[in-house]
Amino acid sequence: MRTGPLAVVGAAVLWGTAGTAGLLVSADSVALAAARLVVGGTVLALLAGTGIRRVVRPGLLLAAVAVAAYQLCFFAAVSRTGVAVGTVVAIGSGPVFTGLLSWALHGRRPSGRWSMATTAAICGCAALIVGGGAQAGGQVVSGILFALFGGLLYAFYAVMAAGAIEKGARSDAVMGVLFGGAALIMLPVLLMGGIGWLGQPSGLIAVLYLGLGATALSYALYGRGLRTTPVATAATLALAEPAVAALLGLVVLNERLAPVSIAGLVLLALSLVAVAVPERTPESALESQP
């Protein structure tokens, strides 16, 4: 059971590499996101095989729509507010919405430690990204609303996936339904945007990595992690994504981190450790006694 949080963090590490990989491509960000989902979702659906038919439910099909809609909301948000603010609101609101939805739908009230650690992690995430100096611009109010809706969509498909897995569904089949369905939805978006850029070696390599590594493998790990990790905890652990992105920018792209970003990185790391360490329950305390 202790490997669950590690699987979720592994998924977040892969998600954090997506931004750096995307720099290899000159394609529109929406087209790139669509290509990523088409490739990754197709692979996840193929890996699940006939197991998909056993877990197809209206709730999971609606969650597949949420997966695709999240991508569109996220890019609509960052185009209006800027990358920093849009990312902070979308990624930062995800764990909050996840905890609330998990409480409302599954009756799992978040613990006090989760609430404190998640608040600290969101603050660290905000300091890490905003410390880069990016400013909000454009239609800020509508952009923030898009970002908040994106965070709610992420929470919805995460909670629906966790609920299905908790009831005994195979995690690979659940992810196959979610992302295979999202791939079908995003295929027209990809085709309408044009696929000529995929003929370039850099574009093809980037999309293959984003689809196979940052989507298929990452969500396979995420699904495996959800088998034993509460979805609210998993959503907070996923905040490792911006930390990895910042470190890659520092090491690979020779970017510099401001002092406030470094402080945010440390705060985020400590918060994730606090969430990942299993809480000591009365039952576990009794079991540890000789």
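We number each residue from 1, following the sequence as shown.
Side-chain atoms of Thr229 come within 3.5 Å of backbone atoms of Gly225 as a donor-acceptor pair (strictly under, hydrogens ignored). Judged purely by atom type and a 3.5 angstrom limit, Ser102 has no side-chain atom pairing as donor or acceptor with the backbone of Thr98. In this structure a side-chain-to-backbone donor-acceptor pair under 3.5 Å is present from Arg36 to Ala214.
Using a 4.5 Å cut-off between side-chain heavy atoms of Ile, Leu, Val, Met, Phe, Trp and Tyr, with links allowed through other members, Leu46 and Tyr222 fall into different hydrophobic clusters. Transitive grouping of hydrophobic side chains (ILVMFWY, heavy atoms separated by less than 4.5 Å) brings Tyr219 and Val56 into a common cluster. If you chain together hydrophobic residues whose side chains sit under 4.5 Å apart, Leu37 and Leu61 fall into the same group. Val67 and Leu184 fall into different hydrophobic clusters, where Ile, Leu, Val, Met, Phe, Trp and Tyr residues are linked whenever their side-chain heavy atoms come under 4.5 Å apart, directly or through other members. Neither Phe146 nor Phe156 shares a network with the other; the hydrophobic side chains, linked directly or stepwise wherever heavy atoms of I, L, V, M, F, W or Y lie under 4.5 Å apart, form separate groups for each.
More than 12 heavy atoms of other shown residues, nucleotides or ligands fall within 6.0 angstrom of atom CG in Leu72. Heavy atoms from other residues, nucleotides or ligands lying under 6.0 Å from CZ of Phe149 number 12 at most.
Minimum interatomic distance between Ile165 and Gly223 (heavy atoms only, all atoms of both residues): CD1-O, 3.7 Å. Scanning all heavy atoms of the two residues, the minimum distance from Gly40 to Ala216 falls at O-CB, 4.0 Å. When all heavy atoms are compared, the tightest approach of Val189 to Ala34 is CG1-CB, 4.2 Å. Considering all non-hydrogen atoms of both residues, Val55 and Ala169 come closest at CG1-CB, 3.6 Å. Contact between Ala173 and Gly51 at its shortest, heavy atoms only, is CB-O, 3.6 Å. In plain terms, the two heavy atoms of Ala68 and Ala182 that are nearest each other are N-CB, 4.0 Å.
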### Query
Would Leu217 and Leu212 satisfy side-chain contact (heavy atoms from CB on, under 4.5 Å), going step by step from the backbone distance to the final call?
CA-CA 6 Å; Leu217 177 58; Leu212 299 177; over 6 Å; no

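The CE atom of Met175 sits 13.0 Å away from the CG atom of Leu47 when rounded to the nearest 0.5 Å. Once rounded to the nearest 0.5 Å, the distance linking CD1 of Ile195 with CG of Leu204 reads 11.0 Å. With rounding to the nearest 0.5 angstrom, the CG atom of Leu148 is 5.5 Å from the CZ atom of Phe97. In this structure, the separation between OH on Tyr70 and CZ on Phe75 is 9.0 Å, given to the nearest 0.5 Å. A distance of 8.0 Å separates OG in Ser218 from CG in Leu44, rounded to the nearest 0.5 Å. Note that OH of Tyr157 and CG of Leu178 are 8.0 Å apart. Values are rounded to the nearest 0.5 Å.
Looking at Arg57 and Met160, their side chains never come closer than 4.5 Å, going by heavy atoms from C-beta outward. Contact check for Val39 versus Leu210: no side-chain heavy atoms found under the 4.5 Å cut-off. Under the 4.5 Å side-chain criterion, counting only non-hydrogen atoms from C-beta, Trp197 is in contact with Val207. At a threshold of 4.5 Å between non-hydrogen side-chain atoms, the residues Thr17 and Tyr209 count as touching. Contact check for Phe74 versus Leu153: no side-chain heavy atoms found under the 4.5 Å cut-off.
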